Amino acid sequence: MSILGTRVVRAEDPRLLTVGGTYVDDLREPALVGAAHATFVRSPVAHARISSIDVQDAREAPGVVAVFTGRDLDISPSPPAPMVTAAMARPALATDVVRYVGEAVAVVITDERYQGEDAAELVMVDYDPLPAVVSGEDAVRGETLLFPEAGTNVAWTGGAEQLDEHLFDDCEVVVTQVIDNQRLAPAPLEVRSAACAWSDDQGQVTLWLSTQGAQAARDELQRQLGLEEGQLRVVAPDVGGGFGAKIAADPETAALCAASRRLGRPLRWVESRSENMIAMTHGRAQHQTVTIGGRRDGTVLAYRIEVLQDSGAYPRESSWLLPILTMNMASGVYAIPKVETAARSIVTNTTPLSAYRGAGRPEATAAIERAMDLFASEIGMDPAEVRRRNFVAPDAFPFQTPSGITYDSGEYAKALDTVLEAAGYPDLQEEQRRRRERGDPLQLGFGLSAYVEITAPDNAVGETGRVEVGADGSVTVYTGSSAHGQGHATAFAMLASDELGIPMDRIKVLHGDTAKIPKGAGTYGSRSLQLGGSAVHEASVEVVKRARHLAAELLEADEGDIVLDRDAGRWHVKGAPATAVSWGELAQQAEGDGGLAADSDFSEERPTFPFGVHLAVVEVDVETGAVRLVRFVSVDDAGRVVNPVLTEGQRHGGIAQGAAQALLEHMVYDADGNPQTGNLADYAFITAAELPSFELLPMETATPLNPLGVKGIGEAGTIGSTPAVQNAVVNAITHLGVRHVDMPATAQRVWAAINEAKER
Amino acid sequence: MQVTIRVNGNNTTHEIEDRLLLVHYLRDVLGLTGTNIGCDTTSCGACTVHLNGESVKSCTMLAAQADGAEVTTIEGLAGSDEMHPMQRAFRENHGLQCGFCTPGMVMAAVGLLREQANPTEEQVRSGLEGNLCRCTGYHNIVQAVLAAAKEGGAR
Ligand code: FES
Ligand code: FES
């Protein structure tokens with residue numbers, strides 16, 4: 001029987017549970033013996049010219065080895081994305097102007113960890129304040145420019161150049177809403193960290209980095225440091241979460257390598273959490289205007305979304321990628337005849353933006369799913385019914401959207417029915433009616449979200465996999481994908497085991513070391529299983545093919561008569577199982593001939609489109625505004641499931657992060673660009689006490705685009721849950737005249753919305 | 001100054017800086033890196049260990065304050081067994097993903113059961129409020145703790 005689809009507990013856990021993982025700060029490599037510690041000096045102001053940096057006192061402080069400013073280190077600036085003007089390039093350490101609170105201006109190197117903080121405080125930087133650009137409106141107005149040479153604060157524009165004034169001409173009802181998809185801190189539990197050591201002749205450097213993609217980090221850093229290809233080896237040890245914010249190599253890492261080279265001494269760097277909250281990239285930060293129009297019978301005819309993407313102080317890839325993903329996924333699960341999208345990315349004096357679980361797709365889903373509810377409420381129809389009427393039909397796949405992308409497969413109405421049934425939708429409606437009637441202070445709300453999202457959006461980039469059988473019959477799997485909690489070591493071992501008939505405990509999965517795996521893309525965009533997993537599968541299939549050939553030689557039989565007994569993990573001639581050869585023997589046989597191994601580089605013809613329906617139930621205390629999420633029911637169809645344990649884990653985590661955005665989390669700046677939630681005491685990171693257990697329902701619609709039939713699941717939970725929870729909050733208080741509440745729906749906001757509605 | 005702390009059943013004596021935090025004593029002086037650091041505001045619980053049998057956040061106290069005390073870290077939780085029932089329950093219920101919160105979470109969960117042997121789901125949730133996890137959404141952590149309660153997880 002195939003192991004695929006069965007509940008297998010994780011191979012990685014015993015170590016993580018008994019001695020803990022080996023994260024960067026835990027490394028005790030010989031090469032790091034005697035390492036000094038790096039501490040960054042960061043700007044306390046949002047926008048200022050640097051008139052001078054005095055490092056004298058710091059240099060004389062106890063334990064200080066060196067202090068470097070941007071002028072001391074030779075690092076090429078990070079160029080912005082190709083579509084963005086080069087005038088917005090980012091230096092590794094700010095030299096002339098600081099553009100956000102938390103931007104690094106110098107690095108202090110000390111013998112001991114504690115000495116770094118003391119010495120960093122002694123670096124005297126003279127800041128000449130400039131006006132801070134914080135809000136989107138200020139950025140667009142452009143009275144103050146972050147990069148005067150660029151002549152604008154707009155970094156990128158996309159979508160419709162001119163809005164179609166006739167878009168809603170045929171509509172009986174048109175609703176418009178301005179939506180703030182607030183800025184969030186990704187906050188992986190392990191902060192950013194790195195350690196680096198040069199060889200004695202400085203020809204080679206090894207960088208241990210908490211990253212989602214060692215190979216991409218290597219390429220970017222080699223360029224910034226002016227190194228030849230192959231000079232830099234990047235190793236990702238255990239990584240304590242990433243959520244998109246550890247995709248790229250950050251400027252601090254380049255500075256660390258450069259400083260280490262100058263000193264001829266290994267260096268370690270671990271930021272503090274308070275640094276992490278303001279200096280690691282943030283997510284979301286989209287200001288949207290959505291308009292939806294249709295007929296009173298529930299048919300949606302036209303939809304428009306205008307996006308203002310805050311890129312923070314320095315535009316990165318994501319400042320155009322996020323709005324592009326939002327625009328591509330604009331119409332969601334619905335067949336809407338006319339869809340118009342337009343986007344602008346702006347720079348502001350805030351922390352730079354990048355991917356955060358979902359990256360552009362939660363923003364698209366939040367917009368359309370709020371719009372559907374607003375439309376439903378305007379025409380007085382049940383939100384479930386409005387959705388059902390507009391779904392892309394199951395026989396319409398492959399379905400091309402007005403944004404020009406092709407959905408592979410979907411069963412949207414089935415997902416909706418499954419959720420409504422499991423949730424007891426009529427009972428919820430009845431309970432809500434009762435509470436409304438008796439004026440219960442605790443009102444009930446339920447919110448729906450039907451989503452489709454894009455996974456492996458960079459399908460053509462593909463992923464590498466290598467499967468090697470050793471002379472002892474054990475297997476090593478190499479993947480270019482990069483785990484940081486997802487369970488690759490378990491899932492990929494299952495894939496290899498299933499093909500080879502070799503038990504999982506004899507299969508080791510390696511990732512995140514550019515010396516062993518020179519080519520790889522890493523983990524982001526929910527791509528790991530469908531691309532990396534498919535590569536491992538294909539390589540395994542190829543290894544079986546080669547093994548069959550070798551077995552035929554050894555057993556002196558026809559290849560067609562050779563059988564792999566997957567239960568026993570041995571090869572024999574059909575009908576003669578007594579004379580069998582083992583995997584180890586075949587590997588020995590192949591030794592002179594490059595070994596028994598195969599490589600694969602798997603890419604997909606198109607991305608895949610997982611989908612689902614989420615239903616959230618909340619209780620809102622109308623006297624205080626306090627919201628409590630009491631139930632959460634979901635269908636998340638990500639194609640075939642390799643290991644339900646892992647998919648459920650991804651769904652749980654995703655749902656929680658979405659609920660956190662809907663209810664609690666918000667990275668807040670004041671008008672001068674000072675972060676107000678820059679540590680874990682102030683930032684409302686969601687806890688166990690604020691969440692219920694989740695009711696997950698199974699559903700699998702295979703994709704034809706890869707041999708495993710799988711789609712991505714890493715981000716789906718977040719994409720679906722955010723608007724479900726937000727819609728539930730609004731639903732609880734619509735009868736009081738409330739039409740919309742922006743996220744996060746904190747008690748204060750909900751209370752204010754109820755009171756405003758009362759006064760109207 | 002000099003401290004003597006009994007860690008995972010072994011006496012450790014070291015000359016330390018006055019301001020050294022217990023968590024750094026464990027990690028940097030003793031090399032017990034299972035205990036992690038996730039914040040600088042005593043908010044996350046990644047550093048949770050047992051001090052004389054009770055959960056404490058080891059980033060909130062000085063090593064000096066633990067002088068003469070008995071400390072258990074994730075490395076010592078199972079004693080001579082392969083795994084403590086709580087560790088087993090976390091594995092069986094997929095209560096961890098990246099593993100960074102895990103040592104602190106497991107120690108806090110054991111501490112919780114020692115105070116309340118048969119908690120309800122709600123009590124588990126409020127009892128773990130001081131331990132943050134970014135990966136699991138807590139669902140399986142809660143399941144693990146409830147399962148461990150039935151299997152001697154308070155031990
Ligand atoms: S490290 Fe966060 S509470 Fe101790
Ligand atoms: S498992 Fe990653 S933070 Fe909890």
Side-chain angles (χ1 to χ4, degrees), chain A residues 9-10 12-23 25-28 112-114 186-191 238-243 270 272-274 483-487 645-646 648-657 659 679-682 685-694 717, chain B residues 17 19-21 24 27-28 31-44 46 73-75 77-78 82-84 86-88 90-103 106 121-122 124-143:
Chain A
V9 296
R10 293 207 314 176
E12 14 320 56
D13 290 355
R15 184 176 58 87
L16 296 174
L17 279 164
T18 54
V19 291
T22 305
Y23 306 94
D25 201 29
D26 301 337
L27 290 167
R28 297 295 179 266
E112 303 290 334
R113 198 193 291 270
Y114 285 16
L189 216 60
E190 184 208 18
V191 295
D238 285 323
V239 173
F243 309 109
V270 182
S272 71
R273 173 60 65 185
S274 299
H484 38 286
Q486 295 86 349
V645 171
L646 300 179
E648 285 162 13
Q650 289 299 308
R651 291 164 72 187
H652 292 150
I655 291 169
Q657 277 179 354
N679 60 48
L680 278 190
D682 297 331
F685 192 115
I686 202 159
T687 71
E690 288 145 329
L691 291 164
S693 285
F694 309 127
Chain B
E17 234 186 294
R19 62 172 172 171
L20 186 73
L21 295 172
H24 284 135
R27 290 180 50 84
D28 298 343
L32 292 170
T33 54
T35 304
N36 291 325
I37 301 171
C39 75
D40 46 10
T41 48
T42 71
S43 312
C44 77
T73 70
I74 193 73
E75 291 94 337
L77 179 65
E82 211 170 297
M83 276 199 199
H84 182 276
M86 187 63 75
Q87 291 166 321
R88 250 198 318 275
F90 265 67
R91 178 163 196 224
E92 276 156 20
N93 290 279
H94 188 31
L96 64 155
Q97 291 181 26
C98 78
F100 199 81
C101 72
T102 310
V106 167
E121 173 177 344
E122 215 176 311
V124 172
R125 288 187 175 274
S126 63
L128 292 179
E129 201 171 8
N131 286 72
L132 301 179
C133 173
R134 200 54 159 173
C135 301
T136 63
Y138 306 102
H139 180 108
N140 285 341
I141 290 176
V142 173
Q143 295 306 310

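In what follows, chains are A, B, ... by sequence order, proteins preceding strands, each numbered from 1. Just so it is clear, the model here is predicted, and its values are computed rather than measured.
Between chain A and the options B/R88, B/E121, B/R125, B/H24, the largest number of non-hydrogen pairs under 4.5 Å is found for B/R125. Put simply, of A/R113, A/R15, A/E190, A/Q650, the one with the most heavy-atom pairs under 4.5 Å next to chain B is A/E190. In terms of heavy-atom pairs under 4.5 angstrom with chain B, the leader among A/G21, A/G20, A/A187 is A/A187. When B/V106, B/L96, B/T136 are compared by the number of non-hydrogen pairs under 4.5 Å with chain A, B/L96 comes out ahead. Chain B forms more heavy-atom pairs under 4.5 Å with one residue of A/A483, A/S272, A/G653 than with any other, namely A/G653. The candidate with the highest count of non-hydrogen atom pairs below 4.5 Å against chain B, out of A/G654, A/P14, A/G242, A/A659, is A/P14. Contact count against chain B (heavy-atom pairs under 4.5 Å) is highest for A/T18 among A/T18, A/V19, A/N679. Counting heavy-atom pairs under 4.5 Å between each of B/Q143, B/R91, B/E122, B/E75 and chain A puts B/R91 at the top. Heavy-atom pairs under 4.5 Å with chain A peak, among B/E17, B/M83, B/E82, at B/M83. Contact tally against chain A (heavy-atom pairs below 4.5 Å) for B/S43, B/C98, B/G31: the top residue is B/C98. When each of A/P692, A/G487, A/A656 is scored by its heavy-atom pairs under 4.5 Å with chain B, the top score falls to A/P692.
The contact between A/Q657 and chain B is made entirely by side chain atoms (from C-beta outward), counting heavy-atom distances below 4.5 Å. Interface remark: A/P186 contributes backbone atoms only to the contact with chain B (heavy atom separation under 4.5 Å). In this structure, the portions of A/V9 lying under 4.5 Å from any heavy atom of chain B include both its backbone and its side chain. Of the two parts of A/D682, neither the backbone nor the side chain holds a non-hydrogen atom closer than 4.5 Å to a non-hydrogen atom of chain B. For B/L32, no part lies under 4.5 angstrom from a heavy atom of chain A. Using a 4.5 Å cut-off between heavy atoms, A/R28 contacts chain B through its side chain alone, with no backbone atom that close. A/Y23 touches chain B through its side chain: at least one heavy atom from C-beta onward sits under 4.5 Å away, while N, CA, C and O do not. Contact annotation for B/N36: only side-chain heavy atoms (C-beta onward) come within less than 4.5 Å of a heavy atom of chain A. Looking at B/T102, the atoms closer than 4.5 Å to chain A (heavy atoms on both sides) all sit in the side chain, from C-beta outward. Contacts of A/D26 with chain B are made by both backbone and side-chain atoms, with heavy-atom separations under 4.5 Å. Both the backbone and the side chain of A/L680 come within contact range of chain B, with heavy atoms under 4.5 Å apart. With a 4.5 Å cut-off on non-hydrogen atoms, B/F100 touches chain A through its backbone and its side chain both. Proximity to chain B (any heavy atom under 4.5 Å) is shown, for A/Q486, by neither the backbone nor the side chain. Heavy atoms closer than 4.5 Å to chain A are found in both the backbone and the side chain of B/I74.
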Item to complete: Tell me, with the steps shown, if B/Y138 and B/V124 meet side chain to side chain contact (heavy atoms under 4.5 Å, CB included).
Response: CA-CA 10 Å; B/Y138 306 102; B/V124 172; over 6 Å; no

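Here the side chain of B/H139 pairs no donor or acceptor atom with the backbone of A/H652 at under 3.5 angstrom.
Nearest heavy-atom pair across B/F90 and A/L17 is CB-CD2, 3.6 Å.
Inter-residue side-chain proximity for A/V270 and A/V191 is flagged as met; some heavy-atom pair is nearer than 4.5 Å.
Summarising the geometry, atom CG belonging to B/N140 is positioned 12.0 Å from atom SG belonging to B/C135; distances are rounded to the nearest 0.5 Å. Interatomic distance, CD of A/E690 versus CZ of A/F685, reported as 10.5 Å (0.5 Å rounding). Atom CZ of A/R651 and atom CG of A/L646 lie 13.0 Å apart (nearest 0.5 Å).
Sparse packing is recorded around CD of A/E112, with 12 or fewer heavy atoms of other residues, nucleotides or ligands lying under 6.0 Å away.
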